[in-house]
Amino acid sequence: MIRVSIAGASGYAGGELLRLLLAHPDAEVHQVTSERLAGKYAHRAHPNLRTLTRHRFHTLDELTECDVLFLCLPHGESSRRFDDLSRIAPRIIDLGADFRLDDPAEYERFQDRPHPRPHLLGRFVYGIAELNRDALRNAHLVACAGCNATASILALHPLYRAGVADSAVIEVKVGSSEAGNRSTPGSHHPERSGAMRSYKPTGHRHLAEIQAVLGAPVHFSATSVEMVRGVLATCHVFLNRDLDDKALWRIYRDAYATEPFVRIVKERAGIHRYPDPNLLAGANFCDVGFERDPLARRVVVMSAIDNLMKGAAGQAVQAFNIMHGLPETRGLGFPGLHPA
């Protein structure tokens, strides 16, 4: 059994990770931490785990050695405490934003402050398995991608890899769990309920990840909608040549035909003919679909994920499986619910 611990396990991503690891046949949960709830049972924060675990939350300073340490810490904490955390486990999987970029200048540009440990940038493997599977096999440090970045990259990467994309405009609609479990004025029920609020029309920090992976500038906006889980990325891609449906199908099949967690969704009829995040709650799938504009060199690519799964905890467990030579789908077989 592989002994795993979760630092920052009281948040939504940490709770989803704990749920997955408790049921994982090759993982043994060693410790979970929460500074706020230290000493309390884990099900105090995650009532869905009642009777499934008797773990109590520890503080970070109480962590002892394990095989893999998952980090679900507030932004900036992973880099600030990296020296201490790296002594606890030989392998670290970070679900936060501290180590996703290799370029300190890009970090400062999008985070409005210098990186506290710039010499560590570039040491982490970016955690999207569909792009970096070979590097993940031998990785000791993994930085999971942001949820919006994951949906956008998986939507667009095939077209950019094929060299047919000239430019792209991405609009993501996101559920409230993306903001975490700390209350804010924007999460207050009278303000959030029924809302469709553009909260980051420009300058979203996930844009840096998307551009770094695609190797090209794109445009990105984010809108909050009344949904708890889920990301729907609608990407307007302007092509540099004329492509018919068969050519587009070929590009996406070449990229994803053998991927266990990416499904091409493009039906001829029905209300579920395009990707829908509502169908993916609790699942590690990314559903990708597209529609060619017959009047222009434009393709609308749609991508849906559960932000807490393929955009966070599920992605982390997928990387964990690859790092340990396990079947990539181990512990990630839940298909989602319908209706939900």
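Summarising the geometry, atom NE2 belonging to His55 is positioned 9.0 Å from atom NE2 belonging to His30; distances are rounded to the nearest 0.5 Å. Separation of atoms OG (Ser5) and CG (Leu69) is listed at 6.5 Å; rounding is to 0.5 Å. Atom-to-atom distance recorded for Ile6:CD1 and Leu17:CG is 4.0 Å, nearest 0.5 angstrom. In this structure, Leu63 CG and Thr59 OG1 are separated by 7.5 Å, a value rounded to the nearest 0.5 Å.
Under the 4.5 Å side-chain contact rule for hydrophobic residues, Val213 and Val231 share a cluster.
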**OP:** Check step by step if side-chain contact (heavy atoms from CB on, under 4.5 Å) holds for Cys147 and Thr150.
**Re:** CA-CA 5 Å; Cys147 53; Thr150 299; 5.6 Å; no

**OP:** Just do the side-chain contact (heavy atoms from CB on, under 4.5 Å) check on Asp293 and Val300 with the steps written out, would you?
**Re:** CA-CA 7 Å; Asp293 185 344; Val300 181; 5.9 Å; no

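Checking Asn284 against Gln315 by side-chain atom types alone, no donor-acceptor pair falls below 3.5 Å. Side-chain contact annotation: Arg298 with His236, donor-acceptor N/O pair under 3.5 Å present. Under the 3.5 Å distance criterion, with hydrogens and angles disregarded, no donor-acceptor pair is assigned to the side chains of Asn278 and His338.
For the pair Lys266 and Phe290, the cation sits on the ring face: its NZ or CZ lies under 6.0 Å from the ring centre, inside 45° of the axis. Because its NZ or CZ atom is not both nearer than 6.0 Å to the ring centre of Phe99 and within 45° of the ring axis, Arg123 does not count as a cation-pi partner of that residue.
Among Val32, Val68, Leu18, the one residue that satisfies the side-chain contact (heavy atoms from CB on, under 4.5 Å) test with Val4 is Val68. Residue Arg81 is tested with Asp61, Asp98, Asp94 for a salt bridge (Lys or Arg N to Asp or Glu O under 4.0 Å); the sole match is Asp61.
No more than 12 heavy atoms of other residues, nucleotides or ligands shown are found within 6.0 angstrom of CZ on Arg50.
Judged purely by atom type and a 3.5 angstrom limit, Asp67 has no side-chain atom pairing as donor or acceptor with the backbone of Arg91.
For His204 and Phe110, the ring centers sit 6.0 Å or farther from each other.
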